[in-house]
Structure formats: structure tokens, C-alpha cells
Amino acid sequence: INGDNAAWSPDGSWIAYSNYAGVAIISPTGTDSLQLTDEMYDEIRWSKDSTKIFCLDENGLCSIDISTKAKTTLNFPQSQLWAFALLPDENTVVYDNLANIYKLNLTGTPAPIKLTDNSLPGIVHTPKWSPDGNSIAYCAEPDSNATGLNWGSGINIVAKEGGNSHEIVSQQEGWIW
């Protein structure tokens with residue numbers, strides 16, 4: 001078995017992973033396993049009750065029920081989605097499209113809300129909710145051709161309602177020890 005994107009279930013009973021054969025779950029002892037899909041997925045996240053897996057496929061964000069293997073695609077195409085994070089209520093997701101950070105309510109008829117206004121050359125990515133759900137931290141990576149810096153990301157924070165971001169770790173050239 002080979003695997004990628006490993007994620008522990010919150011109850012500790014399973015590890016979900018993706019490989020070229022699809023998405024599967026396996027017990028921590030390696031004795032029990034279950035193939036959930038025959039399609040490859042990225043960015044695997046568990047529901048807080050350990051009954052569903054959220055992940056990315058070629059159509060966007062989806063959920064997979066581990067007891068029925070039923071897959072539900074959620075509301076928007078992956079072409080807009082690079083990485084995501086679920087709010088603990090599992091009704092709200094933040095995601096990036098490498099240009100900005102967006103928030104989307106997964107219930108009702110959602111419309112993405114743009115939280116950042118990335119006017120600098122470069123990308124933003126990997127949003128993560130704060131534990132209280134009031135802020136989102138994300139990486140901001142300047143375009144090396146525009147800035148002259150070769151690599152590295154700064155860390156910014158934006159409120160869940162959007163608005164001005166503030167940098168808490170600056171992007172630096174070279175290692176920071």
C-alpha cells in the first residue's frame with residue numbers, strides 16, 4: 001500500500017489517505033482497511049464526528065460518508081480552490097485560489113465572500129481557522145520576479161468578515177532559525 005495526504009480521524013479509530021487507487025481508511029494497527037473511492041483526492045480532512053471525509057477532487061470540494069461510501073460534491077469547482085479549511089461547525093469553509101482567500105457557507109445557496117484583497121504580485125495560500133473561528137491565518141508568498149526575493153512565505157491574519165490583513169511573520173530571504 002502506498003499513501004499520501006494521511007489524516008487521523010478525530011476519534012482516533014481510522015487514518016484516511018489517498019493514493020492512485022483512490023481514498024481509503026485504515027486502522028492505526030493496519031489490520032482493518034476500507035477502500036472508499038476509486039478516484040484520487042487531495043487535502044483530506046475529517047468531520048469532527050469521524051463519519052465523513054472532506055477532500056478535493058477534479059470537480060471541487062466533496063464529502064464522503066465512510067459508512068455508505070456516498071460522495072457529495074459541494075457547490076464550487078476546484079478551478080477556484082487550491083486548499084481549504086473547515087470551521088468546526090462544518091458549515092463554513094475558507095479556501096484559496098492562490099490569488100485571494102474566500103469564505104463560503106456550505107448550507108443554503110452559498111456565494112463566496114472574498115476576505116482578502118491581494119494586490120501584490122504573488123500568491124496567498126493554505127488558510128487555517130483560528131481555534132475560536134474568528135480569524136484566518138494564511139501564507140502570503142511574493143512573486144520572486146517582482147520582489148527579487150527567491151522564496152519564502154509570510155504569515156498573515158484576516159478577520160472572518162474580511163477586511164485588512166495584518167502580517168505577523170514577514171517573508172524573508174534565507175533560513176530563519
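A quick note: this is a predicted structure, and the numbers were derived from the prediction, not measured.
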*Are more than 12 heavy atoms from other residues, nucleotides or ligands located less than 6.0 Å from atom CG of Asn164?*
no

*Side-chain contact test, heavy atoms from C-beta onward, threshold under 4.5 Å: evaluate it for Ile155 versus Cys139 and give yes or no.*
yes

*asked:* Hydrophobic cluster membership, with links at side-chain heavy-atom distances under 4.5 Å among I/L/V/M/F/W/Y: are Ile113 and Val124 in one?
replied: yes

*Determine whether the side chains of Thr116 and Tyr138 contain a donor N or O and an acceptor N or O closer than 3.5 Å.*
no

*asked:* For Ile157, is there any backbone N or O sitting under 3.5 Å from a side-chain donor or acceptor partner on Ser135?
replied: no

*Got a second to check how far Ile64's CD1 is from Thr51's OG1, nearest 0.5 Å?*
12.5 Å

*Report the C-alpha separation of Leu61 and Leu56 in whole Å, then their side-chain angles, then the decisive distance to 0.1 Å, and conclude whether the side chain to side chain contact (heavy atoms under 4.5 Å, CB included) test is met.*
CA-CA 5 Å; Leu61 181 64; Leu56 301 179; 4.1 Å; yes

_I need the Ile101 CD1 to Asp117 CG distance, nearest 0.5 Å._
12.5 Å

*Does Val23 offer a backbone N or O that forms a donor-acceptor pair with the side chain of Thr37 under 3.5 Å?*
yes

*Work out which heavy atom in Ala85 is nearest to a heavy atom in Pro127; give both atom names and the distance.*
CB-O, 3.4 Å

_Looking at every non-hydrogen atom in both residues, tell me the closest pair between Gln35 and Ala24 and how far apart they are._
OE1-CB, 3.7 Å

*Shortest non-hydrogen contact from Ile44 to Ile53?*
CG2-CG2, 3.5 Å

*Going only through I, L, V, M, F, W and Y residues with side-chain contacts under 4.5 Å, is there a path from Val158 to Val94?*
yes

*From Ile15 atom CD1 to Ile26 atom CD1, the distance as rounded to the nearest 0.5 Å*: 7.5 Å

*State, to 0.1 Å, how close Trp129 and Thr92 come at their nearest heavy-atom pair, and which atoms those are.*
CZ2-CG2, 3.9 Å

_Set out, in order, the CA-CA distance, both residues' side-chain angles and the distance that settles side chain to side chain contact (heavy atoms under 4.5 Å, CB included) for Leu34 and Ile66, then state yes or no._
CA-CA 9 Å; Leu34 177 65; Ile66 65 165; 5.6 Å; no

*How close do Lys160 and Leu115 get, heavy atom to heavy atom, and via which atoms?*
O-CD2, 3.4 Å

_Ile168 CD1 to His166 NE2 distance, which is reported to the nearest 0.5 Å_ = 6.5 Å

*Value rounded to 0.5 Å, distance of CG in Asn100 from OH in Tyr95*: 10.0 Å

*Can you tell me if Ser50 uses its side chain to pair, donor with acceptor, with the backbone of Asp11 under 3.5 Å?*
yes

_Heavy-atom pair of closest approach, residues Glu167 and Asn156_ = CA-OD1, 3.1 Å

*Can you tell me how far the SG atom of Cys55 sits from the CH2 atom of Trp46, to the nearest 0.5 Å?*
10.5 Å

*Joint cluster assignment, Tyr102 & Phe84, ILVMFWY side-chain distance < 4.5 Å*: yes

